[in-house]
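Single-structure report; data block below.
Just so you know, residue 1 is the first one in the sequence shown, and it goes up from there.
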Amino acid sequence: MFRNPRRAALLLAAAAGAGGLLDRRDSATAVTFSVSSPLRHLLSAASTGLLSRNPLLSPWQGGFPIRNSFASTSAAPINTSNQGSGGNSDDSRCGRGCLGRDSIANAAAAVGPAVVNISCMPETHGWVLEKSIGSGTIIDPDGTILTCAHVVADFQSTKAVIRGKVSVTLQDGREFEGHVLNADRHSDIAVVKIKSKTPLPAARLGSSCNIRSGEHVVALGCPLSLQNTVTAGIVSCVDRKSSDLGLGGIRREYLQTDCAINMGNSGGPLVNLDGEIIGVNVMKAWAADGLSFAVPIDSIVKIMEHFKRNGRVVRPWLGLKMLDLNPMVIAQLKERSSSFPDVRKGVLVPMVTPGSPADRAGFAPGDVVVEFDGKPVESIKEIIDIMGDKVGVPFEVVVEREKNVSVTLTVIPEEADATR
């Protein structure tokens with residue numbers, strides 16, 4: 001009679017939920033299903049046959065959660081207090097980095113009040129030139145604002161020339177006149193200050209060192225002067241190099257995202273799901289969609305430290321073209337030349353600029369830097385971090401050359417030329 005296990009299971013489920021058989025005793029504790037006596041005997045026989053014939057259900061024999069052969073079944077109540085209108089629970093159970101129903105909205109709400117619209121009206125001999133628009137973020141209640149340098153300054157030679165009057169508009173409609181404190185050409189980062197009689201909304205700074213490709217991010221700003229604009233996407237690349245983008249000069253790294261960025265978004269914040277700033281949006285690829293770039297917040301923090309300490313960003317210059325090595329690249333180089341040094345890590349020097357500090361120190365193409373200032377190194381970033389803003393300070397560098405010749409050199413960095 002019950003040779004088909006699926007049919008028997010459906011019959012059991014239908015019987016348990018049959019209309020008119022539900023007796024709700026106590027909604028706070030359990031729900032009890034009552035079945036008539038004739039049907040009870042029929043279902044008891046059916047369940048016995050089903051359990052004995054179906055090996056998939058055998059683990060429940062003797063302990064199957066049934067009382068009186070389906071005479072009554074108790075089930076824990078369902079808590080619907082945290083469910084929204086769509087039937088989805090709220091984000092309170094989400095852990096760090098969890099994308100819930102309100103995650104993007106919450107991140108935008110945390111930073112949104114601190115996002116500002118910045119506009120400049122350059123003037124030349126009484127003539128008002130093209131208006132510059134951009135975005136920024138208040139990072140201190142005293143009115144300190146992060147934005148892009150190209151929004152508030154024109155760079156003539158080595159100095160930043162303020163475009164003119166800087167107008168700052170908050171999301172609540174208040175307007176302030178801003179003063180540009182500092183602007184750095186190479187990073188495209190600037191700091192603007194406004195004065196308010198009352199504390200201003202400020203956003204929190206996060207960290208960009210542990211970001212992974214694929215993480216969800218939110219971009220806020222004022223594209224085309226449309227304030228309170230929010231777009232979202234993911235991190236496409238965590239260390240997109242300026243050389244990858246065809247940008248010459250000093251080496252820079254960007255966070256690449258697929259957030260929608262348009263004219264006026266420049267200087268606006270890139271935010272993680274915790275509502276923390278992890279970057280400042282600076283540019284996009286005009287010939288493609290979904291290719292946007294932001295300066296990582298960790299780099300910006302160092303730039304601001306330079307501003308406070310030196311009034312500008314001081315970058316040591318060696319005159320080396322460098323390349324990070326990894327086991328795969330090293331194996332390929334050893335295949336090409338058997339005399340390539342036996343190293344497991346380091347930084348390759350493919351080219352040395354004639355007349356540079358590195359050239360005067362004795363660096364040669366093909367050198368592999370393995371130690372810098374007494375510290376083992378395996379990336380360009382480590383070398384840059386070790387130098388910091390030390391110009392005119394000698395550094396001892398250990399390099400490995402062909403046929404495993406080890407040489408110690410002393411190099412004295414110069415300050416990088418801002419026009420390079």
Side-chain angles (χ1 to χ4, degrees), residues 207-215 234-258 285 288 290-291 293-296 298-299 302 315-388 394-411 413 416 420:
S207 175
S208 53
C209 64
N210 295 320
I211 297 173
R212 299 181 300 166
S213 295
E215 287 192 27
I234 62 169
V235 175
S236 305
C237 179
V238 296
D239 57 353
R240 181 63 66 206
K241 297 173 178 58
S242 54
S243 57
D244 296 339
L245 305 176
L247 302 176
I250 296 172
R251 183 180 190 268
R252 289 146 289 171
E253 292 185 350
Y254 299 97
L255 297 174
Q256 179 184 331
T257 77
D258 66 351
L291 289 174
F293 304 93
V295 179
D298 290 352
S299 298
K302 293 179 181 179
R315 294 183 175 88
W317 177 67
L318 298 176
L320 293 175
K321 183 178 178 63
M322 296 183 282
L323 175 69
D324 292 346
L325 293 178
N326 59 49
M328 295 295 99
V329 173
I330 292 172
Q332 191 176 53
L333 292 172
K334 290 186 73 67
E335 286 180 3
R336 294 177 181 177
S337 174
S338 59
S339 62
F340 188 82
D342 295 327
V343 295
R344 294 184 178 180
K345 59 184 180 181
V347 178
L348 177 66
V349 177
M351 187 181 76
V352 181
T353 303
S356 66
D359 184 33
R360 294 194 295 269
F363 281 86
D367 286 349
V368 177
V369 179
V370 293
E371 279 189 20
F372 200 96
D373 196 32
K375 302 177 182 66
V377 293
E378 52 184 305
S379 70
I380 303 170
K381 185 178 182 303
E382 289 177 343
I383 294 176
I384 294 174
D385 289 342
I386 291 172
M387 289 193 295
F395 290 94
E396 284 196 353
V397 183
V398 177
V399 300
E400 296 290 334
R401 290 179 171 168
E402 292 184 343
K403 299 180 181 179
N404 299 317
V405 175
S406 181
V407 179
T408 300
L409 306 173
T410 300
V411 62
R420 258 195 286 262

Quick one: pull up [atom1] in [X] and [atom2] in [Y] and give me the separation to the nearest 0.5 Å.
{"X": "E371", "Y": "E396", "atom1": "CD", "atom2": "CD", "answer": "9.5 Å"}
{"X": "K381", "Y": "M322", "atom1": "NZ", "atom2": "CE", "answer": "13.0 Å"}
{"X": "Y254", "Y": "L245", "atom1": "OH", "atom2": "CG", "answer": "7.0 Å"}
{"X": "I330", "Y": "E335", "atom1": "CD1", "atom2": "CD", "answer": "12.5 Å"}
{"X": "N326", "Y": "E378", "atom1": "CG", "atom2": "CD", "answer": "10.0 Å"}
{"X": "D359", "Y": "M351", "atom1": "CG", "atom2": "CE", "answer": "11.0 Å"}

Considering all heavy atoms of both residues, which atom of [X] and which atom of [Y] are nearest to each other, and what is their separation?
{"X": "I250", "Y": "S242", "answer": "O-OG, 3.9 Å"}
{"X": "R240", "Y": "F293", "answer": "CG-CE2, 3.9 Å"}
{"X": "R212", "Y": "V235", "answer": "O-CB, 3.9 Å"}
{"X": "E400", "Y": "V370", "answer": "CG-CG1, 3.9 Å"}
{"X": "L325", "Y": "L333", "answer": "CD2-CD1, 3.9 Å"}
{"X": "S213", "Y": "C237", "answer": "OG-CA, 3.8 Å"}

Quick one: does any side-chain atom of [X] pair with a main-chain N or O of [Y] as donor and acceptor, under 3.5 Å?
{"X": "S208", "Y": "D298", "value": "yes"}
{"X": "D367", "Y": "V349", "value": "no"}
{"X": "K334", "Y": "F340", "value": "yes"}

| note | The side-chain contact (heavy atoms from CB on, under 4.5 Å) partner of F395 among L409, I383, D373 is D373
| request: Decide, yes or no, whether a salt bridge links K302 with D385 under the criterion of side-chain N to carboxylate O below 4.0 Å. | output: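 Looking at K302 and D385, the cut-off is met.
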| field | M387 side chain reached by L318 side chain, heavy atoms, under 4.5 Å | value | yes
| Contact check, side chains of L320 and V352, non-hydrogen atoms, under 4.5 Å | yes
| query | Checking side chain to side chain contact (heavy atoms under 4.5 Å, CB included) for the pair D324/V347: CA distance, chi angles, key distance, verdict? | reply | CA-CA 5 Å; D324 292 346; V347 178; 4.3 Å; yes
| request: Go through the steps for L291 and Q256 under the test side chain to side chain contact (heavy atoms under 4.5 Å, CB included), then give the verdict. | output: CA-CA 7 Å; L291 289 174; Q256 179 184 331; 3.1 Å; yes
| Neighbour count >12 (heavy atoms, 6.0 Å) for atom NZ, K241 |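 Atom NZ in K241 is crowded, with more than 12 foreign heavy atoms closer than 6.0 Å.
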